[in-house]
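What follows is a single structure, written as structure tokens, with notes after it.
All ligand and atom numbering here is 1-based and tracks the order in the structure. The shown structure was predicted, so the numbers you read here are calculated from the model rather than taken from an experiment. One-based numbering along the sequence shown.
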Amino acid sequence: MILITGARGQLGSELRYLLDELGTEYVATGTNELDITDAMAVSRFVSELKPDVIYHTAAYTAVDKAEDEGKKLNFEVNVDGTKNVATAAEKVGATFVYISTDYVFDGQLKDAEYEVDDTPKPNNEYGRAKLLGEESVMNNVSKKFLIRTAWVYGNYGSNFVFTMKKLAKLHSTLSIVDDQHGRPTWTRTLAEFMVYLVANEGADNVPYGIYHLTNDSDKGGITWFDFASEILKDSDTEIVPVSSDMFPQKAKRPKYSVMSLSKAKKTGFEISTWKDALMGMQNQID
Ligand SMILES: NC(=O)C1=CN([C@@H]2O[C@H](COP(=O)(O)OP(=O)(O)OC[C@H]3O[C@@H](n4cnc5c(N)ncnc54)[C@H](O)[C@@H]3O)[C@@H](O)[C@H]2O)C=CC1
């Protein structure tokens, strides 16, 4: 049996639909069915279900709120909650798939792509909590895949793609940040990669440990301005590149968090380009 946490989030929803398509059975829980911060409840639930695989997508993802009013909840969900699920997974011998973030890097180290074994150094609270979550998984679980991803979007939740489309209907000009470099990730690509790793578990080219997975682009990644320009390429709205100083945010974002996809590619998984992925998302629900 498969357990999905965070079932109604962007990624949890995509994963459910993918497994439905594949005809794979699973149990999916959101906060109402299983609050991951409740250690007793998690332990009981997992020991009764005895899943072979846990896709742990539940997380506190409000990056700016995590700097102040959400600080406590960020750690409760992303650190303690992850530890609860990880410990329960190990007790039943489940394979554990944890999703982490490019925000474990501060973007200051270098301007080459981040490799999976580069030393993380988060510069915001969300990144710090997700990194502690990673450490908890590394230390507590034997069979684990940790996947760092970035700029996640899909058809099931709010995200940059929907925000841009909404704003373009209201404004003739949009100013978009052009000095943060990264790579976007379609939830479908990520969900397929998660399923692929588990399906190929044990193969020589699919070792346990940390992976980076985003959609692909030329070296150097893209900026939010590039992403917005592609999203709105058929719109009359003008997109103006600006510096992130124009939009002060509570949480610091890395200026450069392009992650190397070479380990993910070595598994044999084919990663679509960010433009193809965006088109795929837009064609997914017609
Ligand atoms: N959204 C993004 O841009 C990025 C997301 N990630 C990671 O990817 C994973 C999936 O993210 P999304 O699907 O975009 O997030 P999301 O915010 O859409 O979904 C997270 C889900 O977790 C649930 N949740 C929160 N607290 C919970 C609790 N105490 N018990 C049970 N469930 C709880 C929420 O209700 C929500 O449905 C997360 O681990 C996130 O940290 C990593 C990098 C970027």
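Residue, atom and distance of the protein heavy atom nearest to atom 13 (O) of ligand 1 are Leu11 N, 2.9 Å. Looking only at protein heavy atoms, the nearest one to atom 14 (O) of ligand 1 is Gln10 NE2, 3.0 Å. In terms of protein heavy-atom proximity, atom 8 (O) of ligand 1 is nearest to Ile99 CG2, 3.1 Å. Regarding atom 37 (O) of ligand 1, its nearest protein heavy-atom neighbour is Gly9 N, 3.2 Å. Annotation: atom 15 (O) of ligand 1 to nearest protein heavy atom, Thr61 CG2, 3.5 Å. Protein heavy atom in closest approach to atom 4 (C) of ligand 1: Val152 CG2, 3.5 Å. Annotation: atom 10 (C) of ligand 1 to nearest protein heavy atom, Thr57 O, 3.7 Å. Summary of contacts: the protein heavy atom closest to atom 35 (O) of ligand 1 is Thr31 OG1, 3.5 Å.
For ligand 1, the atoms closer than 4.0 angstrom to any heavy atom of Ala58 are 22 (O), 32 (N), 33 (C). Interface of Lys130 with ligand 1, defined as ligand atoms under 4.0 Å from a residue heavy atom, comprises 38 (C), 39 (O), 40 (C), 41 (O). Interface of Val77 with ligand 1, defined as ligand atoms under 4.0 Å from a residue heavy atom, comprises 26 (N), 29 (N). The ligand atoms of ligand 1 that sit less than 4.0 angstrom from a heavy atom of Arg8 are 37 (O).
No part of His56 comes within 4.0 Å of ligand 1, judged by heavy-atom distances. Here Leu34 has backbone heavy atoms under 4.0 Å from ligand 1, and that is the only part of it that gets that close. Of all the heavy atoms of Asp35, the ones lying under 4.0 Å from any atom of ligand 1 are found in both the backbone and the side chain.
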Practice problem: Could you please spell out the steps behind the side chain to side chain donor-acceptor pair (under 3.5 Å) verdict for Thr223 and Asp178? | Solution: CA-CA 5 Å; Thr223 68; Asp178 195 32; 2.6 Å; yes
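The backbone N or O of Trp186 sits less than 3.5 Å from a side-chain atom of Asn215, completing a donor-acceptor pair. Although no hydrogens or angles enter the test, the distance criterion places a donor-acceptor pair under 3.5 Å between the side chain of Tyr153 and the main chain of Leu278. Between the side chain of His212 and the backbone N or O of Lys263, no donor-acceptor pair lies under 3.5 Å. Between the side chain of Tyr196 and the backbone N or O of Thr267 there is at least one donor-acceptor pair closer than 3.5 Å.
The ring pair (Phe, Tyr, Trp, His ring centres under 6.0 Å) pairs that include a residue from residues 11-38 are Tyr17-Tyr156, where partners are two or more places apart or lie in different chains.
Inclusion of Ala59 in the set of residues having an N or O under 3.5 Å from an N or O of ligand 1 is warranted. For ligand 1, the polar-atom distance check finds no N/O of Thr149 at less than 3.5 Å from any of the ligand's N/O atoms.
When the options Arg253, Lys71, Lys252, Lys250 are evaluated for a salt bridge (charged side-chain N to carboxylate O under 4.0 Å, His left out) with Asp64, the one that passes is Arg253.
Inspection of the Glu238 and Ser172 side chains reveals no N or O donor paired with an N or O acceptor under 3.5 Å.
Considering only non-hydrogen atoms, atom 42 (C) of ligand 1 lies nearest to Ser100 out of Ala41, Ser100, Ala150. When Tyr103, Tyr126, Tyr153 are ranked by how near their heavy atoms come to atom 5 (C) of ligand 1, first place goes to Tyr126.
Between Gln180 and Pro254 there is no side-chain heavy-atom pair separated by less than 4.5 Å.
Note on ring orientation: taking the six-membered ring where Trp is involved, the planes of Phe160 and Trp224 are tilted (angle from 30° to 60°).
Here Asp38 pairs with nothing under the side chain to side chain donor-acceptor pair (under 3.5 Å) rule; sequence neighbours left out.
A salt bridge does not link Glu125 with Lys72: every distance from a Lys NZ or Arg NE/NH1/NH2 to an Asp or Glu carboxylate oxygen is 4.0 Å or more.
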